[in-house]
Amino acid sequence: GGLRAAASDAVNSIGHGRSIWVGEHALIDAAARAATALDNRGRAYGVVRDGGTITIGGTLDLATGIATASDLFVVVREGARLDASGTQAPLNIAGQGLVQQASNGGSISLASNNGLYLDGSFVARAGGAGAAGGSLAVALESPNYERFTAVDQVLKGRELLISQIYQRHDLAGTPEDAAAGLEYCHGRLGVDQVSAGGFDNLALMSNGIMGFDGDVALA
């Protein structure tokens, strides 16, 4: 209701260090699993579905370039793994016999109005030959704040910084201890993170600056 929205606006405009925190031992697994069986003639049949969808903090609408993002920092600690990969299995196809069927990778979306600390691994590989890798979307949004209460901390211009080799963050080990060190506007992603994840599609959005740290090749 209106009271809840007003209270939320008041809190967000003066800044905080609360986060969606994915810990170093976390596994978020939306990878595909093939379901197969044998019919009464011993022929393999089943379903080889694409990888699933993992959304943390919000999504990016590729048609409009607008992100729906959380008023929380998104922190994915080193050691955490998000997996939306495809899969494969041999199935009997009419007229072809036993054929290896591979599915596409799924999608991973990471979005925040505050800041992104992405130290974990993000994977959405193709299930095998002939299938496509998945998609990764990273969005750093800048919301509207209460004009008369917003502080400089939250009004900093957003910058999503892309580097060839990722530079990990040095944060405290718990959400509570790290809260004071989380910086509004901060976002970093390495091309090597994208390559390691097997993605075939990448969407990056900053409602502010998109920066590049030295020479960057995104092929």
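Below, each value reflects all heavy atoms present in this structure, side chains not excepted, and no hydrogens, waters or symmetry copies. One is the number of the first residue; the rest follow in order along the sequence.
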query = Under the side-chain contact (heavy atoms from CB on, under 4.5 Å) criterion, do His16 and Leu72 qualify, and how do the steps go?
reply = CA-CA 8 Å; His16 61 79; Leu72 298 167; 4.1 Å; yes

request  = Of all the heavy-atom pairs spanning Ala89 and Val48, show the shortest one and how long it is.
outcome  = CB-CG2, 4.1 Å

request  = Can you measure from CG (Leu218) to OG (Ser195) and round to the nearest 0.5 angstrom?
outcome  = 8.0 Å

ask   = Is it the case that one hydrophobic cluster holds both Val74 and Leu160, taking links as side-chain heavy atoms less than 4.5 Å apart, direct or via other members?
value = yes

note = Applied to residues 20-38, the side chain to side chain donor-acceptor pair (under 3.5 Å) test, sequence neighbours excluded, yields Asp29-Arg33

ask   = Roughly how far, to the nearest 0.5 Å, is the CZ atom of Phe73 from the CG atom of Asn113?
value = 10.5 Å

inquiry  = Show me the pairs that pass salt bridge (Lys or Arg N to Asp or Glu O under 4.0 Å) and involve residues 39-59, at least two apart or across chains.
reply    = Asp39-Arg43

inquiry  = Which Ile, Leu, Val, Met, Phe, Trp or Tyr residues join Val123 in one cluster when any pair of side-chain heavy atoms under 4.5 Å counts as a link?
reply    = none

inquiry  = In this structure, would Ile54 and Leu118 fall into the same cluster of hydrophobic residues linked by side-chain contacts under 4.5 Å?
reply    = yes

remark   = Between the CD1 atom in Ile28 and the CZ atom in Arg81, the distance rounded to the nearest 0.5 Å is 12.0 Å

ask   = Say you draw a straight line from CG of Leu202 to OG of Ser135; how long is it, rounded to the nearest 0.5 Å?
value = 9.5 Å

Side chain proximity check, Tyr166 to Asp119, heavy atoms < 4.5 angstrom = yes

ask   = If you look at every heavy atom in Ala178 and Leu171, which pair is closest and at what distance?
value = CB-CB, 4.4 Å

message = Counting C-beta onward and ignoring hydrogens, is there a side-chain heavy-atom pair between Val154 and Asn12 closer than 4.5 Å?
response = no

ask   = How far apart are the closest heavy atoms of Tyr145 and Ala150, and which atoms are they?
value = CB-CB, 3.8 Å

ask   = Do Leu60 and Leu161 belong together in a cluster built from hydrophobic side chains that touch within less than 4.5 Å?
value = no

ask   = Side chain of Ser103, backbone of Thr87: donor and acceptor closer than 3.5 Å?
value = yes

query = How far does CZ of Phe122 sit from OG of Ser109, to the nearest 0.5 angstrom?
reply = 11.0 Å

task = Check whether any side-chain heavy atom of Arg158 sits under 4.5 Å from a side-chain heavy atom of Asn207, and report yes or no.
result = no

request  = Mark yes or no for whether Gln88, through its side chain, and Gly127, through its backbone, hold a donor-acceptor pair below 3.5 Å.
outcome  = yes

inquiry  = Less than 4.5 Å apart, side chain to side chain, heavy atoms only: is that true for Leu182 and Asn114?
reply    = no

task = Please answer: with hydrophobic residues joined when any side-chain heavy atoms are less than 4.5 Å apart, are Met210 and Leu136 in the same cluster?
result = yes

inquiry  = Any donor-acceptor pair under 3.5 Å linking the side-chain atoms of Asp83 with those of Ser85?
reply    = yes

inquiry  = Measuring only between side-chain heavy atoms, which start at C-beta, is His186 closer than 4.5 Å to Lys156?
reply    = no

key: From Arg147 atom CZ to Leu155 atom CG, the distance as rounded to the nearest 0.5 Å   = 12.0 Å

task = Give the cluster check for Leu140 versus Phe212: same hydrophobic cluster or not, with ILVMFWY residues linked at side-chain heavy-atom distances below 4.5 Å.
result = yes

request  = Using atom types as modelled and distance alone, determine if a side-chain donor or acceptor of Asn92 lies under 3.5 Å from a backbone N or O of Ala44.
outcome  = yes

ask   = Taking C-beta and beyond as the side chain, do Asp71 and Val11 meet within less than 4.5 Å on heavy atoms?
value = no

query = Of the non-hydrogen atoms in His169 and Tyr117, which two are nearest, and what is the gap between them?
reply = CD2-CD2, 3.3 Å

remark   = Correct closest heavy-atom pair for Val75 and Ser19 would be CG2-CB, 4.0 Å

request  = Report yes if some heavy atom in the side chain of Phe199 is under 4.5 Å from a heavy atom in the side chain of Ile108; otherwise report no.
outcome  = yes

Thr68 and Asp61: CA distance, side-chain angles, deciding distance, side-chain contact (heavy atoms from CB on, under 4.5 Å) verdict = CA-CA 8 Å; Thr68 302; Asp61 186 331; over 6 Å; no

ask   = Can you tell if the side chain of Gln164 reaches within under 4.5 Å of the side chain of Asp215, non-hydrogen atoms only?
value = no

